[in-house]
Amino acid sequence: MDLEVDITKKLSGFQLRVNFKADNDILGFLGASGSGKSMTLSCIAGIVTPDSGRIVLNGRVLFDSENKINIPIRDRKVGFLFQNYALFPNMTVEQNIGFGLPKNISKAERAGKIEKKILNLHLSGMEKRFPYQLSGGQKQRVALARALVVEPEILLLDEPFSALDEHLKNSMIVQLKEDLMDFRGTSIFVTHNMEEAYQLCNNIIIIEEGSIDAIGNKEVIFNSPPTLCSAKLTGCKNISKVRKIENNILEAIDWGCRITFNNDIEDRITDIGIRAHYLEIMDKDEDINTFNCWIVFTDETLFRRIVYLKFNESLGAKKDYHILWDISKEEWDLVKEKPLPLKIRINPDKVIQIKSKQ
């Protein structure tokens with residue numbers, strides 16, 4: 001099964017312009033709020049009509065502006081899991097699940113389809129309950145059952161974890177992964193959370209202001225983000241403009257240091273980044289990429305310490321730092337006793353190289 005989307009839609013502030021293909025897998029759509037992720041889902045589902053373009057699902061043309069084709073929502077074979085689940089408060093679990101089933105099927109067939117989803121999604125015993133009597137996880141499973149009972153060819157998931165606390169979210173991601181194992185169609189999972197995208201999806205599209213910024217396997221996107229936007233959305237907090245000094249040396253303009261690489265660097269490199277947990281502390285200047293660093297200030301999270309560092313010069317104004325370092329509290333207990341300046345190494349093999357867009 002596959003999906004082909006090539007559409008445009010004028011939105012407030014920018015033009016949505018997406019062109020991609022998806023197969024029998026979970027495709028992640030990662031982007032900031034308001035970037036066009038949910039609007040893309042709405043266009044695929046038929047809730048919103050694109051201004052132009054074409055949408056094809058398993059060889060069936062759902063939308064074609066040139067040929068004036070626009071298949072109604074009910075005929076698209078699309079399952080939609082909304083952000084807040086959108087369960088009807090005055091309907092029981094079984095009524096909610098069966099809401100989207102065709103009216104012309106027999107009562108026995110309707111009951112059979114509902115019962116099958118109740119069993120598959122572990123909702124037995126809850127058939128007569130109303131949404132207010134369900135936990136967050138149970139509500140999600142009811143919404144998923146409702147989306148799947150119509151036997152869709154594609155499943156659209158619009159930020160289904162955004163309203164959940166961290167503990168429930170983690171368990172629900174695991175549960176959703178299991179629930180989707182039996183679904184043989186295409187799934188598109190929309191989120192602004194990079195960890196959710198990484199856990200659930202094999203391939204990821206990064207979208208920025210209505211346009212696809214990066215697309216590919218999640219390992220490639222996270223390990224070597226090709227653009228500034230994709231680097232930031234995948235969690236890189238240390239980014240600097242660069243100037244090429246020699247074939248294998250870049251000056252990190254925003255960090256005030258030079259980094260020597262193990263091979264020649266392309267002329268198109270405009271920025272570099274390094275993830276905060278990749279910085280290394282050394283006992284002495286053992287490497288040309290080891291720099292004297294002063295601690296400007298630190299910030300504490302629940303289990304880790306964020307250390308804000310300044311390269312090659314003593315302290316200036318408060319919070320005037322070059323780079324941040326993310327370490328465990330146990331490592332911080334050792335670091336804080338060391339005399340300044342610290343010896344911090346930037347491993348060139350861990351540096352993200354970002355090229356200018358052609």
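From a predicted model like this one, the values you see are computed outputs, not experimental measurements.
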**Student:** Counting neighbours of CZ on R60 that are heavy atoms of other residues, nucleotides or ligands and sit closer than 6.0 Å, is the number greater than 12?
**Tutor:** yes
**Student:** Distance check, rounded to the nearest 0.5 Å: L134 atom CG versus N96 atom CG?
**Tutor:** 9.0 Å
**Student:** Which pairs pass ring-ring contact (aromatic ring centres under 6.0 Å, His included) with one or both residues in residues 225-275, sequence neighbours excluded?
**Tutor:** none
**Student:** Please report the closest heavy-atom contact between S230 and P225, naming both atoms and the distance.
**Tutor:** OG-CB, 3.4 Å
**Student:** Considering all heavy atoms of both residues, which atom of G36 and which atom of F14 are nearest to each other, and what is their separation?
**Tutor:** N-CZ, 4.2 Å
**Student:** Other members of the hydrophobic cluster containing M282, with the 4.5 Å side-chain heavy-atom rule, please.
**Tutor:** none
**Student:** Is there a donor-acceptor pair closer than 3.5 Å between any side-chain N or O of Y85 and the backbone N or O of P160?
**Tutor:** yes
**Student:** Is the NZ or CZ atom of K350 both under 6.0 Å from the centre of the six-membered ring of Y278 and within 45° of that ring's axis?
**Tutor:** yes
**Student:** Ion pair present between K128 and E94, side-chain N to carboxylate O less than 4.0 angstrom?
**Tutor:** yes
**Student:** Using the test side-chain hydrogen bond (donor to acceptor under 3.5 Å, both in side chains), find all partners of N90 that sit at least two apart in sequence or belong to another chain.
**Tutor:** none
**Student:** Please determine which of T290, D283, N292 meets the side chain to side chain donor-acceptor pair (under 3.5 Å) test together with K343.
**Tutor:** N292
**Student:** Distance-only, no hydrogens or angles: does the N19 side chain make a donor-acceptor pair with backbone N or O of I7 under 3.5 Å?
**Tutor:** no
**Student:** Taking side chain as C-beta onward, heavy atoms only, is I26 less than 4.5 Å from T186?
**Tutor:** no
**Student:** So, N247 side chain and D264 main chain: donor-acceptor pair closer than 3.5 Å or not?
**Tutor:** no
**Student:** Is it the case that the side chain of R268 and the backbone of S356 share a donor-acceptor pair, with hydrogens and angles ignored and the cut-off at 3.5 Å?
**Tutor:** yes
**Student:** Would you say I274 and I221 are hydrophobically clustered, going by side-chain heavy atoms of ILVMFWY under 4.5 Å?
**Tutor:** no
**Student:** Grab the two heavy atoms, one from V150 and one from G100, that are nearest each other, plus how far apart they are.
**Tutor:** CG1-O, 3.5 Å
**Student:** Any side-chain heavy-atom pair from M39 and L11 closer than 4.5 angstrom?
**Tutor:** yes
**Student:** Quick one: list whatever passes side-chain hydrogen bond (donor to acceptor under 3.5 Å, both in side chains) with N193, sequence neighbours left out.
**Tutor:** none
**Student:** Salt bridge or not for K113 and E151, using N-O below 4.0 Å?
**Tutor:** yes
**Student:** Measuring from L279:CG to I323:CD1, what's the distance to the nearest 0.5 Å?
**Tutor:** 5.0 Å
**Student:** With distance as the sole test, does K37 use its side chain to make a donor-acceptor pair with the main-chain N or O of A32 at under 3.5 Å?
**Tutor:** yes
**Student:** Looking only at atom types and distance, does a side-chain atom of H322 sit under 3.5 Å from a main-chain N or O of L309, one as donor and one as acceptor?
**Tutor:** no
**Student:** Determine the minimum heavy-atom distance between T49 and K9, stating which atoms define it.
**Tutor:** O-NZ, 3.0 Å
**Student:** Not counting sequence neighbours, list each pair that qualifies as a ring-ring contact (aromatic ring centres under 6.0 Å, His included) and has a residue in residues 90-132.
**Tutor:** F88-F99
**Student:** Within the distance-only criterion (no hydrogens, no angle test), does the side chain of S240 pair as donor or acceptor with the backbone N or O of D254 below 3.5 angstrom?
**Tutor:** yes
**Student:** Taking salt bridge (Lys or Arg N to Asp or Glu O under 4.0 Å) as the test, write out the residues that go with R110, two or more places apart.
**Tutor:** none
**Student:** Sequence neighbours excluded, which residues qualify as side chain to side chain contact (heavy atoms under 4.5 Å, CB included) partners of I249?
**Tutor:** I245, E246, R258, T260
**Student:** Could you check whether any side-chain N or O of D64 sits under 3.5 Å from a backbone N or O of I69, counting only pairs where one atom can act as donor and the other as acceptor?
**Tutor:** no
**Student:** Kindly say whether G112 contributes a backbone atom to a donor-acceptor pair with the side chain of E115 at under 3.5 angstrom?
**Tutor:** no
**Student:** So do V242 and I253 actually touch side chain to side chain, heavy atoms under 4.5 Å?
**Tutor:** no
**Student:** Mark yes when over 12 heavy atoms from residues, nucleotides or ligands other than K232 sit less than 6.0 Å from its NZ; otherwise mark no.
**Tutor:** no
**Student:** In the hydrophobic clustering (ILVMFWY, side-chain contacts below 4.5 Å, transitive), which residues join I239, or is it alone?
**Tutor:** L228, I352, I354
**Student:** Side chain to side chain contact (heavy atoms under 4.5 Å, CB included) with D75: which of I73, V78, I71?
**Tutor:** I71
**Student:** Do NZ/NE/NH1/NH2 and the carboxylate oxygens of R76 and E153 come within less than 4.0 Å?
**Tutor:** no
**Student:** Salt-bridge test for D326 and R304: reply yes if a basic N is under 4.0 Å from a carboxylate O, no otherwise.
**Tutor:** yes
**Student:** Taking the side chain as C-beta and beyond, is there a heavy-atom pair between L155 and L144 under 4.5 Å?
**Tutor:** yes
**Student:** Does atom CD of E219 have more than 12 heavy-atom neighbours, drawn from other residues, nucleotides or ligands, at distances under 6.0 Å?
**Tutor:** yes
**Student:** Between K310 and D320, is the closest basic N to carboxylate O distance under 4.0 Å?
**Tutor:** yes
**Student:** Are E127 and I114 close enough that some pair of their side-chain heavy atoms sits under 4.5 Å apart?
**Tutor:** no
**Student:** Could you pull out the closest heavy-atom pair between C257 and F291, with the gap in Å?
**Tutor:** CB-CE2, 3.6 Å
**Student:** Regarding N202 and N217, do their side chains bring together a donor and an acceptor under 3.5 Å, going by distance alone?
**Tutor:** no
**Student:** With sequence neighbours left out, write down each residue that passes side-chain hydrogen bond (donor to acceptor under 3.5 Å, both in side chains) with Q15, or none if nothing qualifies.
**Tutor:** none
**Student:** Are any side-chain N or O atoms of K329 and backbone N or O atoms of L302, one a donor and one an acceptor, separated by less than 3.5 Å?
**Tutor:** yes
**Student:** Please lay out, stage by stage, how D299 and R305 fare under the test salt bridge (Lys or Arg N to Asp or Glu O under 4.0 Å).
**Tutor:** CA-CA 6 Å; D299 200 5; R305 175 75 64 161; over 6 Å; no
**Student:** Could you tell me which residues satisfy side-chain hydrogen bond (donor to acceptor under 3.5 Å, both in side chains) with S38, sequence neighbours excluded, listed by chain and number?
**Tutor:** D158
**Student:** Going hydrophobic residue to hydrophobic residue with side-chain gaps under 4.5 angstrom, can you get from L87 over to M91?
**Tutor:** no
**Student:** Quiz question: by atom type and distance under 3.5 Å, do the side chains of S35 and E208 form a donor-acceptor pair?
**Tutor:** no
**Student:** According to ring-ring contact (aromatic ring centres under 6.0 Å, His included), does anything in residues 27-75 pair up with another residue at least two apart or in another chain? List the pairs.
**Tutor:** F20-F29
**Student:** Any side-chain heavy-atom pair from I206 and I215 closer than 4.5 angstrom?
**Tutor:** no
**Student:** Checking I295 against T298 for the side-chain contact (heavy atoms from CB on, under 4.5 Å) test, could you report, in this order, the C-alpha distance in whole Å, the side-chain angles of both residues, the deciding distance, and whether it holds?
**Tutor:** CA-CA 8 Å; I295 297 173; T298 69; 3.9 Å; yes
**Student:** For K21, is there an ion pair with D2 - N to carboxylate O distance below 4.0 angstrom?
**Tutor:** no
**Student:** If we only count heavy atoms from C-beta on, is the I55 to V61 side-chain gap below 4.5 Å?
**Tutor:** no
**Student:** Can you give me the closest heavy-atom contact between R345 and P348, atom names plus distance?
**Tutor:** NH2-CD, 4.1 Å
**Student:** State plainly whether the residues K10 and D51 are in salt-bridge range, i.e. N to O under 4.0 Å.
**Tutor:** no
**Student:** Hey, could you give me each pair passing ring-ring contact (aromatic ring centres under 6.0 Å, His included) that has a residue in residues 184-241? Not counting sequence neighbours.
**Tutor:** F161-F189, Y198-F222
**Student:** How long is the span from the CD1 atom in I97 to the NZ atom in K116, to the nearest 0.5 Å?
**Tutor:** 13.5 Å
**Student:** Heavy-atom distance under 4.5 Å between the side chains of F80 and I47, does that happen here?
**Tutor:** yes
